[in-house]
Amino acid sequence: MQPVTARPAPVPSADEARAEGASPYATISDHTRPDIANVTRRLLILFALVAGLVAACGLTYSVAWQSGIDSLRLNAAGRVDRTTSSLKSTLERYESLPYLLAEHPIVQDVLVDPSPANVKRANLYLEDLNRHARATVTYIIPLNGYCVAASNWQGPGSFIGAGYHFRPYFVDAIKGGVGRFFGIGTISQAPGYYISQPVRRDGKIVGVAVVKLDLEWFQGADAFEPLVVTDDHGVIFLSSVPAWKYHTIRPLSGQVADSIYQARQYAQQPIEPLPVTIERKLEGDAQIVRVGGGRYAPRYLASRRGMGEPDWHLITMAPVSPVDADARNATIVTGFGYVSLVLLAFYWRMRRARVREVMRSRALLQKAYAELNQRVAERTADLSQANEQLQKEVSERTRAEQELRAAHDELIQASKLAALGQMAAGITHELNQPLAALRGFSDNTRVLLERGDQASARENLEAIAALTERMGKITNQLKLFVGRARPRSARAPAVRALRNAVALLQKRLQGVELELALFDVESGTRSPLDLAGDHPDLIAHCDDLRLEQVLINLLGNALDATAGMAAPRISVHIEVTAGSLSFAVGDNGPGIPEDVLPRLFEPFFTTKEMGQGLGLGLAISSSIARDCGGTLVARNAPQGGALFVLTLRRPRVQTSHTADPLTTGS
Ligand code: ADP
């Protein structure tokens, strides 16, 4: 058995669906799905672009920063090398000066015999030597530790008499070594570098010769690219940033701090560590450090070099902020470039899409145009076929019409010929009878005249005259039918015309009951009609003689119809309205057969015997009625017999001074 399945909803055709841009079996959710996919795709692209931007910026920043740091590091390395060698050579220049002093006899003499003369000599010598060597102070200390002679013996801050037994450079030299020491002067309070040598006489140490150098000039004052010199404990004793001075770069042990304090190296002030954070270690003993607390403390690229002897370290600090700024600028340029490229790519893509869309639209248009052309061609073909068919039909119809017209013309011609023949036969017959009678009467008359019977001959001649009159009437009828012989009036007194017609047919009316009546239609009054009376108000719009002729025809036909009747009766009613006047001529004859009725008014149509009628009476009468603007109709009366009604207009303006009873009565 066939399983009953739900009837599927009508689906659009593939073409319709394509036109709507959807699958032929798309549902509402299918319509939303492409939208979601589209949005997701766009979001992914946006995400990828943003990720690309971040990656490009990050890479640029990293590469630019690294290359900036590399070049900064190289520059800093050069600078620290140059500065270190400059400091080293300065120190080395003075390294031998204490030794030369120790070897000099004046120096040895004053140490062995500190007499005023020896002291003065030594002072003068030291002063002179100090000036020439461009040292800061040169002085001699005996074994008791109190200065005996000095180059600054004359000045207010003279070292003479000052005790130096606690100073490491004195202690080292007494022990027979070379003393090297940086510290703040106990008298001058000025920082300086001290180099000392033991002074020997006869192989025995008798004192110490010391040279003090001022190194303040060396540190410079460039706070933007600071220079730092640390001692063997990491204490900064030279720095272009004054605030960093006498701070350590690493914490001091208690023992070391004590020894520094005891030696009054840094004027017994507390030595605090400098807040330095190492951010990154680079190759070549370089580091990126942040100096100072807080997130926004300046960062430096620190390059460090050891001096060797003395065990100092020289550190140059190059600020990292320009590298940061350069990397930032490069990143911004890259970002702008990336965005510009993306926008350019978008523009190019949109342009390409638009071009593709235009091409697609053009292709569609071309296709539609081709389809249209094809359809037009098809339709045109149908149309031209229909047109051809129509033309064929038109020409066929025209030909049929022509044939019909020709047939009609032929028919008319034939009917004319038939009518002519009928007429000729009628006329011949009508005229033959009187002509034969004429011949008989004339022969008779001649015989009567030969006999001398004058009276009979006169009678015959009268009969001949009557016959010619009859013949004249026949020809007159023809003349009437053919043409209009005389000018006509348009006002015919109705009663007079009827009176004349009755008078003309007086003889034939003998033995016939003639009923005459006047009927006022509007008032509904009926009265007998007296033909002797004058009825000047009853005027018909027609020529009087022609009206008479019509009435004679109608009365003559009624007489013919009632000829065989036992009690022949003819009625003539004049019916009057405000605008018209009708003659209703009725009889009690056999009436008009149905098949005769349509042909009644045809010329030469007659049902009468040959010689009895030409068939022109009604034709002439109806044409007269028509000419006068009236009508002539025929029908059979309900009570039997025929009824002919001639209706004519009544003239609008009545010239008669007598008031029209019909019009005034209405
Ligand atoms: P005709 O009288 O010469 O025949 P008409 O034109 O006067 O010609 O009449 C045409 C025909 O109309 C007649 O032959 C007759 O058949 C018919 N007809 C006319 N008047 C009457 C009438 N009163 N009763 C019957 N038939 C009539």
Side-chain angles (χ1 to χ4, degrees), residues 415-416 418-434 470-482 497-498 501-502 504-505 507-509 511-516 545-573 582-627 630-647:
S415 68
K416 270 185 187 171
L420 205 64
Q422 226 174 349
M423 183 187 76
I427 291 168
T428 313
H429 189 83
E430 284 290 316
L431 293 179
N432 265 353
Q433 223 186 358
R470 188 177 154 198
M471 286 168 74
K473 270 186 185 170
I474 290 168
T475 52
N476 231 7
Q477 248 187 346
L478 274 173
K479 208 160 74 186
L480 269 173
F481 178 67
V482 173
L498 183 60
V502 169
L504 266 169
L505 297 168
K507 259 192 192 160
R508 292 185 67 194
L509 281 166
V512 175
E513 185 192 340
L514 182 65
E515 185 207 328
L516 299 170
L545 281 181
R546 286 155 72 83
L547 177 59
E548 265 175 46
Q549 191 187 346
V550 174
L551 292 173
I552 289 165
N553 278 340
L554 297 179
L555 286 169
N557 281 345
L559 283 168
D560 288 343
T562 53
M565 294 291 151
R569 186 163 44 84
I570 295 173
S571 63
V572 180
H573 294 172
S582 301
F583 295 89
V585 181
D587 59 59
N588 63 343
I592 309 158
E594 281 303 310
D595 58 326
V596 171
L597 259 176
R599 305 192 57 199
L600 218 53
F601 298 99
E602 280 182 19
F604 304 109
F605 174 78
T606 180
T607 56
K608 292 173 187 168
E609 295 284 313
M610 273 297 201
Q612 294 300 307
L614 265 178
L616 282 173
L618 287 179
I620 290 166
S621 300
S622 72
S623 92
I624 288 169
R626 216 171 24 251
D627 283 353
T631 55
L632 175 63
V633 293
R635 60 174 178 268
N636 285 311
Q639 67 275 12
L643 179 67
F644 287 82
V645 182
L646 168 72
T647 306

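Both counts, for ligands and for their atoms, begin at 1 and track the order of listing.
Of the residues L600, L555, V633, the one that meets the side-chain contact (heavy atoms from CB on, under 4.5 Å) test with F644 is L600.
Taking every heavy atom of G617 and a limit of under 4.0 angstrom, the matching atoms of ligand 1 come to 5 (P), 6 (O), 7 (O). Against a heavy-atom cut-off of under 4.0 Å, A558 is close to the following atoms of ligand 1: 23 (N). Atoms of ligand 1 found under 4.0 Å from any heavy atom of T606 (numbered from 1 in listed order, with element): 1 (P), 4 (O), 14 (O). For ligand 1, the atoms sitting less than 4.0 Å from at least one non-hydrogen atom of L600 are 12 (O), numbered in the order shown with element in parentheses. Near F605, the atoms of ligand 1 lying under 4.0 angstrom from a non-hydrogen atom of the residue are 10 (C). Each of the following atoms of ligand 1 lies closer than 4.0 Å to a heavy atom of G591: 25 (C).
Looking only at distances, no side-chain donor or acceptor of D587 sits under 3.5 Å from a matching main-chain atom of A561.
An N or O contact shorter than 3.5 Å links K608 to ligand 1 by distance.
Rounding to the nearest 0.5 Å gives a distance of 11.0 Å between CG of N553 and CG of L646.
Under 4.0 angstrom from ligand 1, the non-hydrogen atoms of F644 all belong to its side chain.
Among A561, A619, P603, G556, the residue whose heavy atom sits closest to atom 22 (C) of ligand 1 is A561. Counting heavy atoms only, T607 comes closest to atom 15 (C) of ligand 1 of the residues T607, N553, L559.
Per-atom contact check: atom 2 (O) of ligand 1 touches the protein, criterion being a heavy-atom distance below 4.0 Å. Using a 4.0 Å threshold on non-hydrogen atoms, atom 27 (C) of ligand 1 does not count as touching the protein.
For the pair D587 and ligand 1, a heavy-atom separation below 4.0 Å is found. Ligand 1 lies nowhere less than 4.0 angstrom from a heavy atom belonging to A634.
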